[in-house]
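Below is one structure, written out as structure tokens; the observations come after it.
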Amino acid sequence: QVQLVESGGGLVQAGGSLRLSCAASGRTFSEYVVGWFRQAPGKAREFVATISKNDDSTHYADSVKGRFTISRDNAKNTVYLQMNSLKPEDTANYYCGADRVLVYPSNWYTDYDYWGQGTQVTVSS
């Protein structure tokens, strides 16, 4: 079982940037598809971005495409989410999910078996 810890959230003005990190335990992180999801108060968990095991495929939600970039460093057991041009509607708790069984990146949070505790991102206007 992999354990995940998110970090990097905070308060930022609209148009600003943040980089989130998802740090994983163990030495088999390269075997996991990883995704970022977010959840705002009163809303369902929303897909943000996902990345393949070998860093050769990524997918983004339309709402963040062109602004967010997901990347991974398997040697450091870490996945990143670079968030640029942040908007107030990006305000949410951001979660990192991982799954070993998935062959391809998935947009569905139900496909991910392991989750971190989340990190809060607040964007002010």
Side-chain angles (χ1 to χ4, degrees):
Q1 180 175 320
V2 64
Q3 293 179 316
L4 308 172
V5 179
E6 302 95 337
S7 63
L11 176 64
V12 65
Q13 291 184 335
S17 299
L18 286 172
R19 189 177 79 161
L20 307 184
S21 297
C22 174
S25 64
R27 300 179 179 179
T28 59
F29 193 51
S30 62
E31 299 179 8
Y32 291 82
V33 169
V34 177
W36 283 98
F37 295 78
R38 65 189 183 186
Q39 189 165 19
K43 294 185 177 181
R45 186 165 295 192
E46 178 187 19
F47 167 73
V48 176
T50 184
I51 190 166
S52 63
K53 299 175 181 180
N54 297 322
D55 197 13
D56 60 353
S57 181
T58 58
H59 298 280
Y60 298 91
D62 289 341
S63 60
V64 307
K65 194 174 298 182
R67 299 188 297 120
F68 291 8
T69 302
I70 188 171
S71 62
R72 68 190 300 162
D73 187 340
N74 288 334
K76 296 182 178 180
N77 283 0
T78 303
V79 168
Y80 305 96
L81 184 68
Q82 179 66 47
M83 305 186 296
N84 299 325
S85 301
L86 283 163
K87 304 175 181 179
E89 49 263 45
D90 295 320
T91 295
N93 202 10
Y94 283 71
Y95 298 89
C96 176
D99 191 86
R100 186 177 178 182
V101 176
L102 288 172
V103 177
Y104 301 102
S106 174
N107 297 358
W108 306 100
Y109 73 88
T110 52
D111 285 341
Y112 294 85
D113 291 334
Y114 307 103
W115 295 92
Q117 294 297 309
T119 185
Q120 180 66 38
V121 173
T122 302
V123 184
S124 62
S125 60

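Here the structure is a predicted model, which means the values were calculated and not measured. Start at 1 with the first residue, then count along the sequence.
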Quiz item: Taking all atoms of both residues into account, what is the closest heavy-atom pair of Trp115 and Tyr109, and its distance?
Solution: CZ2-O, 3.3 Å
Quiz item: When the ring planes of Phe47 and Phe37 are compared, do they come out parallel, tilted or perpendicular, using 30° and 60° as the limits?
Solution: perpendicular
Quiz item: Which distance, rounded to the nearest 0.5 Å, do you find between the CD of Gln82 and the CD1 of Ile70?
Solution: 12.0 Å
Below 3.5 Å, can you tabulate the donor-acceptor pairs from side chains in residues 118-125 to any protein atom, sequence neighbours excluded?
residue : atom : partner : partner atom : Å
Thr119  : OG1  : Gly9    : N            : 3.1
Gln120  : NE2  : Ala92   : O            : 3.4

Quiz prompt | Asp111: side-chain hydrogen bond (donor to acceptor under 3.5 Å, both in side chains) partners, not counting sequence neighbours | solution = Ser106
Practice problem: Just jot down the salt bridge (charged side-chain N to carboxylate O under 4.0 Å, His left out) partners of Lys65, sequence neighbours excluded, or say none. | Solution: Asp62
Exercise. Please list, chain by chain and in numerical order, all residues satisfying side-chain contact (heavy atoms from CB on, under 4.5 Å) with Glu46, sequence neighbours excluded.
Key: Arg38, Ser63
Practice problem: Check for a donor-acceptor pair, side chain of Asn107 on one end and backbone N or O of Gly35 on the other, with a separation under 3.5 Å. | Solution: no
Quiz prompt | Results of side-chain hydrogen bond (donor to acceptor under 3.5 Å, both in side chains) for Tyr112 - residues two or more places apart only | solution = Thr50
Quiz prompt | Glu31: partners by salt bridge (charged side-chain N to carboxylate O under 4.0 Å, His left out), with sequence neighbours left out | solution = Arg100
Quiz item: Which pairs with one or both residues in residues 66-125 pass disulfide (SG to SG under 2.5 Å), sequence neighbours excluded?
Solution: Cys22-Cys96
Quiz item: Looking at residues at least two apart in the chain, or sitting in another chain, which of them share a ring-ring contact (aromatic ring centres under 6.0 Å, His included) with Tyr60?
Solution: none
Self-check item: Partners passing salt bridge (charged side-chain N to carboxylate O under 4.0 Å, His left out) against Arg19 (at least two apart in sequence or in another chain)
Solution: none
Quiz prompt | Atom pair CG (Asn54) and CG (Asn74), whose distance is rounded to the nearest 0.5 Å | solution = 7.5 Å
Quiz item: Does a sphere of radius 6.0 Å around CD in Glu89 hold more than 12 heavy atoms from other residues, nucleotides or ligands, not counting ones at 6.0 Å or beyond?
Solution: yes
Quiz item: Quick one: side-chain contact (heavy atoms from CB on, under 4.5 Å) partners of Ser85, sequence neighbours excluded?
Solution: Arg67
Quiz item: Residues two or more places apart in sequence or in another chain: which of them pass side-chain hydrogen bond (donor to acceptor under 3.5 Å, both in side chains) with Gln39?
Solution: none
Self-check item: Donor-acceptor contact below 3.5 Å, side chain Arg72 vs main chain Ser52
Solution: yes
Quiz item: Sequence neighbours excluded, which residues qualify as side-chain hydrogen bond (donor to acceptor under 3.5 Å, both in side chains) partners of Ser57?
Solution: none
